[in-house]
Amino acid sequence: MNLRTSVQIPKPGDFGSFQRKSKVLFEHVLNDPNVKEYGTTGQAQDGIDLLGVRRSEAPDHWVGVQCKLTIKAERLKKGTVSKEATKALEIKPALKEFIVVTTAEDDVAMDKEAAEFTDEQAKLGQRRRWR
């Protein structure tokens, strides 16, 4: 007999809480205890909220994470992924990965937008992971 339970983690009520929880998550995902919140509120953050290194890859495998909390909207607006990823392309040292984490519902349009952006970058010679 197979029993499954459903667990739903409630959305954080504010952006700061979501970002801090994402930081803890990515410290483990990247195996980097030094993931840091990038900049502060009001500063230009180059399309990322968190910056870390994927230690299993290389000491210079920089990973940028954009945190998108949705409170009222169920989905991200069209263009959000491309806009933030384009900003992240300018970061020095260059990111090897860019990840968008969100509380928004899964959305085929956003998945397509991310895939198209990744393909465009590959054609331009970028060997990076954009998710």
Side-chain angles (χ1 to χ4, degrees):
M1 182 165 153
N2 232 348
L3 292 178
R4 292 186 179 188
T5 59
S6 176
V7 176
Q8 185 172 8
I9 300 170
K11 287 183 185 183
D14 65 276
F15 177 75
S17 175
F18 179 55
Q19 185 169 306
R20 286 187 301 277
K21 289 174 182 177
S22 296
K23 177 184 177 298
V24 171
L25 171 68
F26 280 95
E27 287 172 349
H28 294 281
V29 168
L30 301 176
N31 191 25
D32 179 3
N34 300 312
V35 169
K36 79 179 285 335
E37 294 183 49
Y38 191 75
T40 60
T41 304
Q43 286 186 316
Q45 293 175 282
D46 304 318
I48 66 170
D49 295 308
L50 305 173
L51 181 64
V53 174
R54 188 175 295 273
R55 300 211 178 268
S56 62
E57 294 289 328
D60 65 345
H61 191 97
W62 292 98
V63 179
V65 179
Q66 173 59 239
C67 302
K68 290 291 184 187
L69 174 67
T70 59
I71 301 285
K72 296 179 183 173
E74 294 179 5
R75 291 184 167 73
L76 294 178
K77 291 180 184 174
K78 183 172 175 55
T80 298
V81 173
S82 297
K83 177 181 150 195
E84 299 298 347
T86 299
K87 286 188 224 174
L89 283 170
E90 301 302 318
I91 293 174
K92 301 290 183 221
L95 298 177
K96 300 285 195 283
E97 291 182 61
F98 175 72
I99 301 167
V100 176
V101 294
T102 183
T103 57
E105 292 183 18
D106 284 342
D107 185 7
V108 171
M110 290 299 108
D111 292 340
K112 285 180 181 178
E113 183 180 338
E116 288 170 2
F117 188 89
T118 301
D119 283 352
E120 288 170 14
Q121 292 306 305
K123 288 174 186 168
L124 294 171
Q126 300 287 351
R127 299 248 181 239
R128 302 177 186 171
R129 298 180 196 165
W130 305 95
R131 316 183 227 192

(message) Restricting to side-chain hydrogen bond (donor to acceptor under 3.5 Å, both in side chains), what partner residues turn up for Thr70, sequence neighbours left out?
(response) Lys11, Thr103

(request) Just grab all the salt bridge (charged side-chain N to carboxylate O under 4.0 Å, His left out) pairs involving residues 35-48, residues at least two apart or on different chains. (result) none

(request) Would you name the heavy atoms of Asn31 and Pro33 that are closest together and state the gap between them? (result) O-CD, 4.0 Å

(request) Would you please name every residue forming a salt bridge (Lys or Arg N to Asp or Glu O under 4.0 Å) with Glu27, sequence neighbours left out? (result) Lys23

(message) Tell me the closest heavy-atom pair linking Pro93 and Trp62, and the distance in Å.
(response) CG-NE1, 3.3 Å

(message) Check whether Glu97 reaches the backbone of Val63 with its side chain - one donor and one acceptor, N or O, closer than 3.5 Å.
(response) no

Tabulate below the donor-acceptor pairs under 3.5 Å that side-chain atoms of residues 73-80 make, not counting sequence neighbours, or state none.
unit_1: Thr80; atom_1: OG1; unit_2: Lys77; atom_2: O; d: 2.7

(request) State which residues pass salt bridge (Lys or Arg N to Asp or Glu O under 4.0 Å) with Arg55; sequence neighbours excluded, sorted by chain then number. (result) Asp32

(message) Check this for me: Lys87, atom NZ, are more than 12 non-hydrogen atoms of other residues, nucleotides or ligands nearer than 6.0 Å?
(response) yes

(request) Look up atom CG in Leu89 and atom CG in Leu95, then write down how far apart they are to the nearest 0.5 Å. (result) 8.0 Å

(request) Check the surroundings of atom CG in Asp60: do more than 12 heavy atoms from other residues, nucleotides or ligands lie under 6.0 Å from it? (result) yes

(message) Could you check whether any side-chain heavy atom of Phe15 comes within less than 4.5 Å of a side-chain heavy atom of Asp49, counting everything from C-beta outward?
(response) yes

(message) Is there a side-chain contact between His28 and Val24 in this structure, where contact means two heavy atoms from C-beta onward sitting under 4.5 Å apart?
(response) yes

(request) With the side chain counted from C-beta on, respond yes when Phe18 and Val101 share a heavy-atom pair under 4.5 Å apart, and no when they do not. (result) yes

(message) Side chains of Leu50 and Tyr38, heavy atoms from C-beta outward: is any pair under 4.5 Å?
(response) no

(request) Indicate the atoms forming the closest heavy-atom contact of Ile48 with Ala88, along with that distance. (result) CG2-CB, 4.1 Å

(request) Write down the atom of Arg54, the atom of Val29, and the distance for their closest heavy-atom approach. (result) NH1-O, 3.8 Å

(message) Under a 4.0 Å threshold between the charged nitrogen and the carboxylate oxygen, would Lys123 count as salt-bridged to Glu120?
(response) no

(message) Would you say that Leu124 contacts Gln121 through its side chain, given a criterion of any heavy-atom pair below 4.5 Å between the two side chains?
(response) yes

